[in-house]
Amino acid sequence: MATVIPEIPTSSEAPLEKAVAPKRPYPGALIVVEGIDGSGKSTQLYLLKRWLEIGGYRIHFTEWNSSPLVKSATRRGKQRRLLTPVTFSLLHAADFADRCERQIMPLLHGGYLVLADRYIYTAFARDAARGCSPKWLRNLYSFAPIPDITFYFRAPLDVAVNRIVAGRPKLKYYEAGMDLGISLDRAESFRIFQERILNNYDQMVETDRFVLMDGTVRVNKLQKLMRGIVEERIKLDQFAPKKKRHEAKQ
Amino acid sequence: MKRSNKNSGGDGRNGRGASAARKESKSNGRADASSRFYGLPLPGVKLEDLGGSLIVLEGSDGSGRSTQISLLTEWLESQGFAVQTMGLRRSFLVGENIDALLEENAVTRMTLALMYSTDFFDQLERRILPALRSGLVVLADRYIFTLIARSAVRGIGRDYLHGIYEMALRPDLTFWLNVRPEIAFDREFKKAHSISYWESGRDMSLSNDLFQSFIRYQSMIKREFEYLSNRHGFVEVDGEGSVSEVNRVLRKRIAAQLGIRGTHYHPSNALSHLWR
């Protein structure tokens, strides 16, 4: 419906190219988990984190929407329902930028293994489900480093939705996508919204090289699989605890 | 008064796409709503009923923007036009959050850029679009151009920035009140008896001397504005003239835009102190 005026070019293609051949000018590594609510991703990342922590590896964990500088603005916007698709997206991008510039990038340069619960693909899937242009979103997050591994936890819609609905007294307004006016019934709105997000995730599996994880597999079995993939793809030695100088000499 | 108005057409001396889009929309008789955005329109926004006019004043601190906006508001109201204003950090959503961020040294360039863009789009969606639908004249005290320039001099890509703001509304008129950094320094110092941390670009470690830092930073911003002026077709106004002279230039150009016949104006008692 819109005439795109060539006056302002956007670098929509660039992030995709980067995804294929990422340049990593830092010694650290980045592992992220993605998936809809109830897909089991946070549980699995927690277990991976515990495994690495107990092993003494140099890791840092970061989660979506947690920047101390931006959080209060997001909370207020959500509580008072002030957010539109665009401001919702921009506030989350600001939150991500703060964590990216003050945590993720410095830690990657400092040689840490960074674990992220949700990453830019959450914004691509969710904000596009709210009507933001995928091209605009790709440009918005083009400053983000490309992960070494992106685990995509996929569970059937019913399984994921039931896990969330059963465990929560009430779905939140934006979480359920109520701002989209899909349905007045929160549970139904949530389901339709999650379905849209799931479809958007599915479309990124190839373009963004997701590692597909079956969210219906038993927790410990799935974790074993996840640890195997991490060991295979990441040189964990470089994140192992540094030996003290006198020990190294002996 | 020396007037450096290089642009009489209003939009797109150099902007290929802009002038083409303009011609196209004019030939349709009524302006095509989608051409009012730089790229894709905002999601969920109904375009058909956007009337009104968006007039932007850009220029550094000390260029006289706020003074001119007060005077223009009074003049337009006296001519029977209802006016809505906007400016940086004035959104209900995050205006105060940015104020707080600026007080801290923890905030980094990308976070700040995106908080400002949130602030901008909140005002655009909640204040500007409703005002234009009601046929108001919107006077913007700075617009996306300041935000793009500030981030660009800090090393964020111009294409990246233009990409974020492609959903912004294209102004009907953009004035650039151009003053030399030295003059801006004098005016600012006279007003506040100090120089702001951000307006002197102290986060960029340009110089330990605040005067030097201010001049270098404002010169960088000015170069960025020269680029933006070419790209977007600003109406450049010599901001070093007296308040009344600058105001006369602005009135003349706005009168032509809005179809106002007489441009005579003298401020009321409430604003006469501004009339220097």
Side-chain angles (χ1 to χ4, degrees), chain A residues 1-12 14 67-78 80 82-103 105-106 127-128 130-144 179-181, chain B residues 12 15-21 24-25 32-35 37-45 47 91-94 96-98 100-101 104 106-122 124-126 156-168 170 231-232:
Chain A
M1 79 175 168
T3 9
V4 181
I5 296 146
E7 183 187 5
I8 292 176
T10 50
S11 54
S12 61
S67 141
L69 292 188
V70 182
K71 216 174 176 177
S72 69
T74 317
R75 196 186 306 124
R76 204 170 64 98
K78 284 181 179 171
R80 300 201 192 174
L82 300 169
L83 303 170
T84 64
V86 172
T87 51
F88 184 98
S89 187
L90 287 169
L91 257 187
H92 283 83
D95 184 286
F96 176 78
D98 185 42
R99 287 181 300 116
C100 190
E101 288 185 314
R102 295 200 302 142
Q103 295 178 5
M105 285 317 295
D127 299 354
R130 284 207 154 81
C132 290
S133 134
K135 197 185 98 187
W136 183 78
L137 289 165
R138 288 275 170 179
N139 175 64
L140 181 60
Y141 282 96
S142 59
F143 61 92
D179 55 318
L180 295 171
Chain B
R16 314 157 299 276
S19 54
E24 200 179 294
S25 64
D32 173 19
S34 63
S35 76
F37 292 91
Y38 287 105
L40 293 169
L42 286 157
V45 170
L47 299 162
S91 75
F92 184 60
L93 181 58
V94 292
E96 288 174 9
N97 294 86
I98 300 179
L101 283 181
E104 297 184 43
V107 68
T108 48
R109 59 177 192 171
M110 190 64 83
T111 311
L112 201 55
L114 292 173
M115 287 299 281
Y116 268 113
S117 68
T118 310
D119 175 73
F120 173 81
F121 280 106
D122 188 51
L124 182 63
E125 292 187 86
R126 296 186 173 275
I156 300 176
R158 287 167 172 173
D159 285 349
Y160 174 82
L161 295 162
H162 277 90
I164 288 180
Y165 291 108
E166 72 170 4
M167 289 187 289
R170 190 195 300 277
R231 184 164 174 167
H232 297 284

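Lettering of chains follows the sequences in order, A, B, ..., and the numbering in each one begins at 1.
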*Just checking, A:Arg130 and A:Phe88: is the charged tip under 6.0 Å from the six-membered ring centre and within 45° of the axis?*
yes

- Message: Less than 6.0 angstrom from the centroid, inside 45 degrees of the normal: does A:Arg80 satisfy that with respect to the ring of B:Phe92?
- Response: no

Where the side chain of A:Glu101 meets the backbone of B:Met110, is there a donor-acceptor pair that is under 3.5 Å apart? yes

Counting only non-hydrogen atoms closer than 4.5 Å, does [X] touch chain A with its backbone (N, CA, C, O), its side chain (CB onward), both, or neither?
X	value
B:Glu104	side chain
B:Leu93	both
B:Asp122	both
B:Arg126	side chain

Turns out that what part of A:Leu180 lies under 4.5 Å from chain B's heavy atoms comes down to neither

Ranked by heavy-atom pairs below 4.5 Å to chain B, first place among A:Leu91, A:Leu137, A:Leu90 goes to A:Leu90

In terms of heavy-atom pairs under 4.5 Å with chain B, the winner among A:Ser72, A:Pro68, A:Ala97 is A:Ala97

Just checking A:Gln103: does its CD atom have more than 12 heavy atoms from other residues, nucleotides or ligands closer to it than 6.0 angstrom? yes

- For atom NZ of A:Lys71, decide whether the heavy atoms of other residues, nucleotides or ligands shown that lie under 6.0 angstrom number more than 12. no

Exactly one of B:Tyr160, B:Phe120, B:Tyr38 clears ring-ring contact (aromatic ring centres under 6.0 Å, His included) with B:Tyr165, and that residue is B:Phe120

Most heavy-atom pairs under 4.5 Å with chain A, out of B:Gly157, B:Ala113, B:Ala106, belong to B:Ala106

